[in-house]
Asker: 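Below you'll find the structure I mean.
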Amino acid sequence: MAIEDYCNIVNGELVLRGGLQQYFRGNIFSCDPAIHTQLDMLDRLGNALVPLIVDGEVGCSKDSIVRYTHASSSRGKKPLFKINCAYLPEGVAVNELFGYGKGNTGLLHSAAGCSLYIENISLLSVQTQYRLAEYILANKESPERVRYMISLSDTPNPQNGLIKPLLQYFDAMTFRIPPLRERKDDILLATIHQLHQIRKSYRIERTISPDLMTALMSYDWPGNTQHLCKVVDRMAFMSDKTLLDSVQLLEKSLSAHGELQQEQIHVTQPPHSKTLKELVLDYEVMIINQYIERCGSLRKAAAALQSSPATLSRKITEYNLIPRESEKAN
């Protein structure tokens, strides 16, 4: 479908017909038929406590599907427990799941009668996966059994990392989130939604032109929805106009995204002659300087950093930073 199928063009800017709410379903918004078909199935199976694999590339907002699944089930009013195996060393993940010591029962016990989302489960060792499979299968008939939801790690063939007993157990249902490059219309919806969020959170009014929206919909977005939202944020903060209408602005925002990643990689290997406190201070000074330079004003830099102008002003004084002349006027 084309942009004109969803939006009117008023004074050169896009206005979504009927508003965003018509595309929301719980905490998820999409106009993709494949997603809505799968949501229909989740609704039908919600009370059956069917185990679920959420499959999607990085940045596809798998958490949204997990929260929807939990909320639409008979356990929606009970807690949703979560663990991300990508962020934890193996030993810590085992302790978090199975417990350790007196009084530390672990998530598998705490989530009884509730839902548990194990993210990047395929990163667990084979030994831990067998222990987990044994626990799950031993308790699958319990009236207080856990409703399990999992996602696999982002590898070319992530199921290679999951042992057969777990694959068989979770084979009941897989919710596949198509990458954003396969959902061009959702790029439009996600962009408009993010501009609404910027207005709500930062009181910055931004709209978008058809040409810039066309450019956004033509990009592949390797980081999917999360990537798109960060770039939309950056365009809104970098521009001093209400109407975002420059394709060059998109190019600068994409370039800034790559530069910021390089800077973060660089500062993870600091010189060992400085203390941790000094290194943290250096990094904070660098970030403040960069955002003031990019955003052009203290107010915009504070909004981009989700801080307040008063806080940044205090830090500028404390660290003896010298803002640009244009900044002093703000």
Side-chain angles (χ1 to χ4, degrees), residues 1-44 54-69 71-72 151 154 173-201 204-236 239 242-251 253-254 257:
M1 298 180 74
I3 292 174
E4 292 77 8
D5 294 323
Y6 294 94
C7 298
N8 295 323
I9 301 176
V10 181
N11 296 326
E13 67 184 53
L14 296 179
V15 179
L16 188 67
R17 285 195 293 270
L20 272 170
Q21 198 57 42
Q22 62 185 310
Y23 300 104
F24 267 89
R25 187 158 170 179
N27 62 314
I28 298 167
F29 66 92
S30 174
C31 58
D32 184 72
I35 288 182
H36 283 279
T37 297
Q38 294 178 96
L39 291 176
D40 289 340
M41 185 175 293
L42 283 181
D43 291 342
R44 291 194 299 271
V54 184
D55 179 30
E57 295 180 0
V58 63
C60 272
S61 301
K62 288 174 280 215
D63 273 2
S64 297
I65 301 300
V66 170
R67 291 195 303 272
Y68 180 91
T69 304
S72 61
S151 66
D154 296 303
M173 182 176 179
T174 298
F175 193 113
R176 180 182 179 272
I177 308 174
L180 202 54
R181 62 182 173 274
E182 296 178 8
R183 299 182 282 126
K184 296 295 186 180
D185 295 345
D186 278 357
I187 294 175
L188 183 150
L189 296 182
T191 299
I192 293 176
H193 178 258
Q194 191 62 18
L195 291 175
H196 285 192
Q197 293 298 105
I198 291 170
R199 180 175 61 193
K200 179 179 177 181
S201 300
I204 298 175
E205 185 72 35
R206 294 290 183 267
T207 55
I208 192 165
S209 71
D211 287 345
L212 184 53
M213 183 62 78
T214 299
L216 288 169
M217 295 173 70
S218 300
Y219 190 66
D220 278 347
W221 300 110
N224 292 289
T225 306
Q226 293 180 12
H227 186 188
L228 170 65
C229 290
K230 289 179 181 178
V231 170
V232 172
D233 284 351
R234 192 167 286 112
M235 288 195 300
S239 177
T242 299
L243 178 62
L244 305 178
D245 60 354
S246 169
V247 176
Q248 286 72 32
L249 179 62
L250 171 59
E251 294 172 351
S253 299
L254 289 169
H257 181 74

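Keep in mind that this is a model prediction, so the values were computed, not measured. One-based numbering along the sequence shown.
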Asker: Holding to side chain to side chain contact (heavy atoms under 4.5 Å, CB included), I want the full list of residues that pass it with S151, two or more places apart in sequence or in another chain.
Answerer: K62, Y117, E119
Asker: Compare every heavy atom of C60 with every heavy atom of P179, then report the nearest pair and how far apart it is.
Answerer: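 Heavy atoms only, the tightest pair is CA-SG, 4.1 Å.
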Asker: Taking atom OG of S239 and atom CG of L249, what is their separation to the nearest 0.5 Å?
Answerer: 5.5 Å
Asker: Using distance only, find each side-chain donor-acceptor pair of residues 10-20 under 3.5 Å and give its atom names and separation, not counting sequence neighbours.
Answerer:
| from | atom 1 | to | atom 2 | distance (Å) |
| --- | --- | --- | --- | --- |
| E13 | OE1 | T207 | OG1 | 3.2 |
| R17 | NH1 | E4 | O | 3.3 |
| R17 | NH1 | C7 | O | 2.9 |
| R17 | NH1 | N8 | OD1 | 2.7 |
| R17 | NH2 | E4 | O | 2.7 |
| R17 | NH2 | D5 | O | 2.8 |

Asker: With rounding to the nearest 0.5 Å, note down the distance linking OH in Y6 to CG in D185.
Answerer: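 Output value for this atom pair is 3.5 Å.
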Asker: Less than 3.5 Å apart, which donor and acceptor atoms pair up between the side chains of residues 189-200 and the rest of the protein, not counting sequence neighbours?
Answerer:
| from | atom 1 | to | atom 2 | distance (Å) |
| --- | --- | --- | --- | --- |
| T191 | OG1 | I187 | O | 2.8 |
| Q194 | NE2 | D233 | OD1 | 2.8 |
| Q194 | NE2 | D233 | OD2 | 3.4 |
| R199 | NH1 | E205 | OE2 | 3.4 |

Asker: Let me check something: any side-chain donor-acceptor pairs from residues 210-218 under 3.5 Å, sequence neighbours excluded? List them with distances.
Answerer:
| from | atom 1 | to | atom 2 | distance (Å) |
| --- | --- | --- | --- | --- |
| T214 | OG1 | P210 | O | 2.8 |
| S218 | OG | T214 | O | 2.7 |

Asker: Where does the angle between the aromatic ring planes of H227 and Y219 fall among parallel (under 30°), tilted (30 to 60°) and perpendicular (over 60°)?
Answerer: perpendicular
Asker: Which residues pass the side chain to side chain contact (heavy atoms under 4.5 Å, CB included) test with D32, not counting sequence neighbours?
Answerer: S30, A34, I35, P178, R183, D186
Asker: Please name all residues satisfying side chain to side chain contact (heavy atoms under 4.5 Å, CB included) with Q22, sequence neighbours left out, ordered by chain then number.
Answerer: none
Asker: Is any side-chain heavy atom of V232 closer than 4.5 Å to a side-chain heavy atom of R206?
Answerer: no
Asker: As an exercise, state the distance from CG of N224 to CG of L180, rounded to the nearest 0.5 Å.
Answerer: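 Spacing of CG (N224) from CG (L180) equals 6.0 Å.
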Asker: Does any N or O in the side chain of S61 come within less than 3.5 Å of the main-chain N or O of S64, such that one atom is a donor and the other an acceptor?
Answerer: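 It does not hold such a pair.
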Asker: Taking the side chain as every heavy atom from C-beta outward, state whether M41 and F175 have any atom pair closer than 4.5 Å.
Answerer: no
Asker: Once rounded to the nearest 0.5 Å, what's the spacing between atom CZ of R176 and atom CD of Q38?
Answerer: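 If we round to the nearest 0.5 Å, R176:CZ and Q38:CD are 8.5 Å apart.
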Asker: Quick check for you: to the nearest 0.5 Å, what is the distance between L244 atom CG and M235 atom CE?
Answerer: 6.0 Å
